[in-house]
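First listed ligand is number 1; within each ligand, the first listed atom is number 1.
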Amino acid sequence: MRLSLASVFALAGGALAQTTSVTSYIASESPIAKAGVLANIGADGSLSSGAYSGIVIASPSTVNPNYLYTWTRDSSLTFMELINQYIYGEDDTLRTLIDEFVSAEATLQQVTNPSGTVSTGGLGEPKFNINETAFTGPWGRPQRDGPALRATAIMAYATYLYENGNTSYVTDTLWPIIELDLGYVAEYWNESTFDLWEEIDSSSFFTTAVQHRALRAGVTFANLIGETSDVSNYQENADDLLCFLQSYWNPTGSYVTANTGGGRSGKDANTLLASIHTFDPDAGCNATTFQPCSDKALSNHKVYVDSFRSLYAINDDISSDAAVATGRYPEDVYYNGNPWYLCTLAAAEQLYDSLIVWKAQGYIEVTSLSLAFFQQFDASVSAGTYDSSSDTYTTLLDAVQTYADGFVLMVAQYTPANGSLSEQYAKADGSPTSAYDLTWSFAAALTAFAARDGKTYGSWGAADLSSTCSGSTDTVAVTFEVQYDTQYGENLYITGSVSQLEDWSADDALIMSSADYPTWSITVDLPPSTLIQYKYLTKYNGDVTWEDDPNNEITTPASGSYTQVDSWH
Ligand SMILES: *[C@@H]1O[C@H](CO)[C@@H](O)[C@H](O)[C@H]1NC(C)=O
Ligand SMILES: *[C@@H]1O[C@H](CO)[C@@H](O)[C@H](O)[C@H]1NC(C)=O
Ligand SMILES: *[C@@H]1O[C@H](CO)[C@@H](O)[C@H](O)[C@H]1NC(C)=O
Ligand SMILES: *[C@@H]1O[C@H](CO)[C@@H](O)[C@H](O)[C@H]1NC(C)=O
Ligand SMILES: *[C@@H]1O[C@H](CO)[C@@H](O)[C@H](O)[C@H]1NC(C)=O
C-alpha cells in the first residue's frame, strides 16, 4: 500500500510533520536553503572554515566523500542565484559577498594548475583547494563549462552596476575577468571536455548550451560597455555553437543526447539543467535554444523522467502521470546510483519555467513532438494551439502545475526534519546519502522555488538569433502539392521536422500558395538526402486543424529539385 504524503509526514513526525503541501514545504525550506548556501561560503560561512573569502565550498563533507573543495561550476551557479537576488532587489545584503566572490574567482583564474596557466587552458580546471591553491591530484579535466558559467554570473552583476553608473569598476575590474573567460570559451569550445558529472570526456550538451549563452551575453555586454574588439569573435563562435547544439537532438528517441561519448543512453539531467540555466523568458517556447517549454525540451523531460520510474524502489506504485524521484542518468552507479535532490528539483523547475511562459503568452502549443508529454495528463489531447480561454489550456496548465509540484513534494518527502539537503537520497528508502549540505542542492532549491513563484531574471537574447547554420550549405528545392477545399478565409500551411519547415511550429508554419486552387503548393529549400517528416495544417479564424497521424515522410534527393504530391489525410 502506498501512503499518502500527508500520512507519511504524520508518521514521520518532526518539524516537517505539519507541512503537507508544497507551499508550506517551500516556506520552511527556503530560509534553510538560503542559510545553507551562505554557510558554505568563506571566509565567514559557519560550515566553511578554512575557505578563503568568497570561496564557495561544494559541501563541508571531508570523508565519504571529501567535497571540501571549490568547483567553478557549482560556485558560479550558486552565485548566479545570489546575484539575481541582489540585482532584483530581493536581498540588498549580498553586495559584499558578491564582491568577495568576484575577487576570489579573479585570483583562481591566475592560479597555474594541471590544465595549464591562465593563457594556456588553465581556466578549464574544474576544482581548486579552498585556500586558492591548485588541486593537483588526478581528476576529470578540463571541464569547459566553468568559465562560461562564471562569465554569465559576473556579467549579470556587471550589467547591473554599469547601468547604475558604476562604470569604472566594471571596465577596470570586472571586464578583464569576464574577457578571460569569454576568450577561453571562444577558443576552446570545440575541443573535448569532461561533462558536468566529471565522468565522460567528449562533447556535452550542458557545456555547449551554457557556452552558447555566455558568448551571446558577451556580445551584448561588450557592446554595452564599449569594449567591441572581441565582439565579432564571440558572435561567430556563438553562431557555430548554436548549430552544434542542434546536433545533440536524437530524432528517433525524441530526446536530447547528453554526451557525444560515454556509451550510455544519453538520457541525463544534464539536458534539463541546460534548459533551466539557459531559460530566456523572452524566447517563448523556442526549440532552437531548447527553451524549457519547447516541444523538444518537453519531450526530453518525459523521456528523462520515465527512465527512472522503474529504477528506484521509492518510485514503485507511483502512477505514470505523477512525479517520481529522479537522478543524474539511469546508468549511474556512483554510491550505487540514487536520486539526486538537484536533479529532481530541475525536473520541477523546467516545468515552472514553462508555466511562466505559457501564462505570459496566453496559449499552449502542443506539437506532434510534445504530444506524448501532454498526453500523460490528458490522453485525448491532440496537437494544436490552445488559447487561454479554452478548457484544454486550463486542464493542461493545472496538470503541469500539479506535476511540477509533485517533484518538489518528492524532495520534501525525503528532506530530513532539519531541512538539510545532501547530494543524494537513497533509492531504497529515500534517506539522505553522499555529501551532506551540498551547496548546489540548496541553490537548486532556491532557483526552483523562485521559478514556482513566477520570478524571472532577464533575457540573454535568445529570442533573436540567426538560425542559419553554416557547413552544409547545399540544398534541394522541394515543391509540396496537396489538394484541399477551403472555405473563405481558410489557408493551408506546412510544418515539419527541420528548421526550414519551422520545426513543427504551428505558429510559424509556412503558408502555401493557392494560385492553382484547389491545389496548394510551396517550394522549400531543404537539406539533401535527408529523411524529413511533415504535416499540413489549416488555419481558420485562429483555429488550427492538423492532418491526422501519421506524419508524412520524404527522403530528399541528393541534388536538384523534386515535387512531392500528397493528399490530405
Ligand atoms: C592549501 O591547501 C592544501 C590542501 O588542503 C594544502 O595542502 C596546502 O598546504 C595549503 N597551502 C597553503 C599555502 O596554505
Ligand atoms: C562600484 O562597485 C564596487 C563593487 O561593489 C565598489 O567597491 C565601488 O565603491 C563602487 N563605486 C562606486 C562609484 O559606486
Ligand atoms: C567541433 O564542431 C564540429 C562542428 O559543429 C562538430 O562536428 C564536432 O563534433 C565538434 N567537436 C567538439 C569536440 O566539440
Ligand atoms: C540534519 O539531519 C540529517 C539527517 O537526520 C543529519 O545527518 C545532519 O547532520 C543534520 N544536519 C544538521 C545541520 O543538524
Ligand atoms: C527560434 O529562435 C531562432 C533563433 O533565435 C529564430 O531564428 C527562430 O525564428 C525562432 N523561432 C520561432 C518560432 O520563434
Can you find a heavy atom in the side chain of Tyr234 that is under 4.5 Å from one in the side chain of Val185?
no
Looking only at distances, can you tell me whether any N or O atom of Leu242, backbone or side chain, sits closer than 3.5 Å to an N or O atom of ligand 5?
no
Anything under 30° is parallel, anything over 60° is perpendicular, the rest tilted; go ahead and classify Phe290 against Trp249.
tilted
Could you check whether any side-chain heavy atom of Leu272 comes within less than 4.5 Å of a side-chain heavy atom of His301, counting everything from C-beta outward?
yes
Taking the side chain as every heavy atom from C-beta outward, state whether Met512 and Asn491 have any atom pair closer than 4.5 Å.
no
Nearest heavy atom to atom 5 (O) of ligand 4, choosing from Pro432, Pro416, Pro60, belongs to Pro416
From atom 14 (O) of ligand 4, is the closest protein heavy-atom distance below 4.0 Å?
yes
Taking N or O atoms only and a 3.5 Å limit, does Tyr169 qualify as a polar contact for ligand 2?
no
Note: ligand 5 atoms sitting under 4.0 Å from heavy atoms of Asp508 are 12 (C), 13 (C), 14 (O)
Under 4.0 Å, heavy atoms only, figure out whether ligand 5 is touched by the backbone of Asp507, its side chain, both or neither.
neither
Starting from atom 11 (N) of ligand 2, which protein heavy atom do you reach first, and at what distance in Å?
Asn166 ND2, 2.9 Å
Close approach, Ala462 and ligand 5, non-hydrogen under 4.0 angstrom:
yes
Below 30° counts as parallel, above 60° as perpendicular, anything between as tilted: where do the rings of Tyr425 and Tyr414 land?
parallel
Please identify which atoms of ligand 5 are closer than 4.0 Å to at least one heavy atom of Leu465.
4 (C), 5 (O), 6 (C), 7 (O)
Can you check whether Ser382 reaches Trp546 side chain to side chain, under 4.5 Å on heavy atoms?
no
Flag Asn418 as yes when one of its N or O atoms lies below 3.5 Å from any N or O atom of ligand 4, and as no otherwise.
yes
Please determine whether ring pair (Phe, Tyr, Trp, His ring centres under 6.0 Å) holds for the pair Tyr86 and Tyr160, giving the CA-CA distance in whole Å, both sets of side-chain angles, and the decisive distance to 0.1 Å.
CA-CA 10 Å; Tyr86 175 71; Tyr160 167 86; 5.6 Å; yes
Look at atom 4 (C) of ligand 2 and say which protein heavy atom is nearest, naming residue and atom and giving the distance to 0.1 Å.
Asp99 OD2, 3.2 Å
Validate the cation-pi geometry between Lys539 and Tyr493: distance from NZ or CZ to the six-membered ring centre under 6.0 Å, angle to the ring axis within 45°.
yes
Could you tell me whether ligand 2 has any atom less than 4.0 Å away from a heavy atom of Tyr157?
yes
Heavy-atom protein contact below 4.0 Å for atom 9 (O) of ligand 2:
no
Should the pair Arg216-Asp239 be classified as a salt bridge under the 4.0 Å nitrogen-to-oxygen rule?
yes
